There are 2 protein chains.
Amino acid sequence: MEKIPTIKDIAKRLKISASTVSRALHGHPSIGLVTTMRVNKIASELNYIPNKAAISFKQGKTCTIGVILPDFSEAFFASALSAIEDYASKKSYNVFIGQSLENPEKERSILETMKNHRLDGIIISLSKNTKNFEIFEQLKKYNIPVVFFDRIPGLNDIHYSACNLQPGMQQAVDCLIEKGHRNIGLINGPSPLEASKERLDSYKTALGKHGIVINDDLIVSSDLSSTQNQYAMRRLLSLTTKPTAVIAFNDYVARDAMAIVKSNNMIVNHDISFISFANLPIWSFIDNPPLASIEQFPKEQGIKAAEILFELIDSQLEEVPSAPVFHRALFDASMVSYRVNSVA
Amino acid sequence: MEKIPTIKDIAKRLKISASTVSRALHGHPSIGLVTTMRVNKIASELNYIPNKAAISFKQGKTCTIGVILPDFSEAFFASALSAIEDYASKKSYNVFIGQSLENPEKERSILETMKNHRLDGIIISLSKNTKNFEIFEQLKKYNIPVVFFDRIPGLNDIHYSACNLQPGMQQAVDCLIEKGHRNIGLINGPSPLEASKERLDSYKTALGKHGIVINDDLIVSSDLSSTQNQYAMRRLLSLTTKPTAVIAFNDYVARDAMAIVKSNNMIVNHDISFISFANLPIWSFIDNPPLASIEQFPKEQGIKAAEILFELIDSQLEEVPSAPVFHRALFDASMVSYRVNSVA
DNA sequence: CTGTTAGCGCATTCAG
DNA sequence: CTGAATGCGCTAACAG
């Protein structure tokens, strides 16, 4: 095990002071060309590597952002993470990650850790059951910018990048109505989730525009587990006026619901049509996918979150703390059709 | 913007020394109960948070591991990352990420950064074209343990967690032979990739066991881009003795190849059967998936890599540097059938 | 049981 | 142009 060389080692070798070395390494203009070159030479000879931990410590700046998402193995979040990492790396920033796994306590502890690390900023997609936003107050107090991503809290004074579902939902409903559907079911997510409320509202709005009276029986919800997804679909099938089309919270829900339909010897997209929200990049090469999926642009949303975050980080460097502006990026979800012909 | 309180602030408030505060905060036994309690009280009052950057700096230990993968948005790597993060967080370790995007220079620069950060260890899945392993020598010299994951280099003195494809390949070939196939094609990945060599070798071995002579025309390869995947399949279809079954490098390749088959008005799994290697968790709910897929256990492989890494990290704390042991975990890939009945 | 001191690696202010 | 001195926040060896 070898000792990693420090600035002092190269100072000693050259019999000059550490500060000169430091300056030379940074190309400081006040250092003579010869000295600078000699320093650089020895530095690379010794394989000198600046100790980032020390620099972060000294400068109170870590050049690192944190990204907290519920589950990296979900395609939607994985795409977002990938895009955020790419963006950050182009800004020469590092990325620290945390996975809440939908557990508010774990989420809280991750945030705590990131705060302790003095990360320069955080992008977070809330867990499903996060109720307590007190820690975000603290982060604000200590000037650690936070950008919410996709799953945003119902607060006013926040920055976020999210998706406006209404346009996509409207397109979906329009499309189903046009195909003659009148009983359109909704398998929603858990009601505390902002995303669920939004789906529900836009579902009602969209149907309302066609003068269709809302039938509450056609609205069921699930905690997004496979079991409950399936149970939700079973409840829809048990209705006397079964839906002829179903809008699913996301692709996983659609998958489970479609499985139930099949197991009841009904034909997907014939007996019951589906439209879902896109978390999976897979329907495009599946034989009998839903009619359509509503794209939510994980990469674009992620990049936007990163853009906002870096704007906030950069603006901190300014002297005058201008009046707080809250950045809110809202993408219009839009429907992507998977099939031109119906199965019939 | 408020100043984040330090250990000194607490000390001042209580008119005691900083070291006493430090010890109290750590529950050091030599500190009086009253003092300890008073310190804790003020600490929580002030919302004291230890500065991890300072601690890392001081202790020369970051409690952070790095994970470098080619692309987080690929399901296989996303699952692995998720599992590794989960494992690390249970060990109270943080995770730094980097995405090589198959670019050796970017990979190199990420490794450099992680070295600068004095990360306690690194898990890496190499980019497709990494040729230069010099930096790994440096990391070893500076005692930063590295565990290779899935895409491993052809070196001897390394730790890794990977997948032994042979058993899965054998099962696949056995299965196809049993169904009467004799012309079995292979769409392989780029030849520099260890994973490609392994597939090729095990393909030959597996066929050899059935006494089948290798027909080199049936072996094509692709750089894994959609274009080349499709081109590879077209070449197979252009042969005078077309294959009746194809083993694909991974699920993406299979997808593209199957698309070509369809566009040639042939029926997948009827005219040409497919078996692929599993990177996607999706075939299980697709109507006409490949016959089977060879599971490579991303989560298990990832966890194993983490286990090895932490063992290495822990063993560094020991006095006697025991003779170097190289940890090598090899999972047996195994075939998962998706369909009992053929389409015929 | 507690205070004093020193130092981790580096950038920076102040003196030359 | 360069060196000496300082301190970031914290821990630990050394004194009491």
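As a basis for the values below, the full set of heavy atoms in this structure was taken, side chains included, without hydrogen atoms, waters or symmetry mates. Proteins come first, then strands; the chains are lettered A, B, ... in the order of their sequence lines, and each starts at number 1. Since we're looking at a predicted model, the values are computed, not measured.
- Spacing between atom CG of N116(B) and atom P of dC10(C) amounts to 10 Å, rounded to whole angstrom units.
- The salt bridge (Lys or Arg N to Asp or Glu O under 4.0 Å) analysis of residues 96-105 of chain B, with sequence neighbours excluded, yields the pairs E102(B)-R151(B).
- No donor-acceptor pair under 3.5 Å is formed between the side chain of H117(B) and the backbone N or O of L119(B).
- Here the side chain of N40(B) pairs a donor or acceptor atom with the backbone of T36(B) at under 3.5 angstrom.
- Across the protein-nucleic acid pair, I4(A) atom CD1 and dG9(C) atom C1' stand 12 Å apart, rounded to whole Å.
- Judged as a salt bridge (Lys or Arg N to Asp or Glu O under 4.0 Å), the pairs with a partner in residues 38-54 of chain B (not counting sequence neighbours) are, in order, R13(B)-E45(B), K41(B)-E45(B).
- Projected onto DNA chain C by closest heavy-atom contact, R118(B) and V34(B) fall at different nucleotides, the more 5' of which corresponds to V34(B).
- S22(A) places no side-chain N or O within donor-acceptor distance of the main-chain N or O of A18(A), the cut-off being under 3.5 Å.
- Atom CD1 of I55(B) is separated from atom C1' of dG9(C) by 17 Å (rounded to the nearest Å).
- T6(A) pairs by the side chain to side chain donor-acceptor pair (under 3.5 Å) definition with nothing, not counting sequence neighbours.
- Side-chain contact between L139(B) and L111(B) is present, with at least one heavy-atom pair separated by less than 4.5 Å.
- For the pair K61(A) NZ and dA11(C) C1', the computed distance is 15 Å after rounding to whole Å.
- In this structure, the CD1 atom of I16(B) is 10 Å from the C1' atom of dG3(C), given to the nearest Å.
- A salt bridge (Lys or Arg N to Asp or Glu O under 4.0 Å) check over residues 121-134 of chain A, counting only residues at least two apart or in different chains, returns the pairs R108(A)-E134(A).
- Taking atom NZ of residue K8(A) and atom C1' of nucleotide dC10(C), one finds them 9 Å apart after rounding to whole Å.
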Distances for protein N/O vs nucleotides 4-6 of chain C N/O pairs under 3.5 angstrom?
unit_1: dT4(C); atom_1: O4; unit_2: S19(B); atom_2: OG; d: 3.1

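- Nucleic acid contact class of T6(A) (heavy atoms, under 4.0 Å, all strands): sugar-phosphate only.
- Pairs passing the salt bridge (Lys or Arg N to Asp or Glu O under 4.0 Å) check and including a residue from residues 116-126 of chain A, sequence neighbours excluded, read K61(A)-D120(A).
- The ring-ring contact (aromatic ring centres under 6.0 Å, His included) search around Y48(A) returns none, not counting sequence neighbours.
- Rounded to whole angstrom, the span from the CG atom of L14(B) across to the P atom of dT2(C) amounts to 11 Å.
- In this structure, I31(A) atom CD1 and dT12(C) atom C1' are separated by 12 Å, rounded to whole Å.
- With sequence neighbours left out, K58(B) forms a salt bridge (charged side-chain N to carboxylate O under 4.0 Å, His left out) with no residue at all.
- Two end axes, each from the C1' atoms of five base pairs, can be drawn for the helix from dC1(C)-dG16(D) to dG16(C)-dC1(D); they diverge by 50°, to 10 degrees.
- Among residues two or more places apart in sequence or in another chain, the ring-ring contact (aromatic ring centres under 6.0 Å, His included) test is passed with F326(B) by H159(B).
- Of the residues in residues 35-42 of chain A, those lying under 4.0 Å from DNA chain D by heavy-atom distance are T35(A).
- A donor-acceptor pair is defined here as one N or O able to donate and one able to accept, closer than 3.5 Å; no such pair exists between the side chain of S82(B) and the backbone of A78(B).
- In 5' to 3' order, the nucleotides of DNA chain D bounding all contacts with chain A (an atom under 4.0 Å from a heavy atom) are dC1(D) to dG9(D).
- Counted by atom type alone, S89(B) and Q99(A) present zero donor-acceptor pairs between their side chains at under 3.5 Å.
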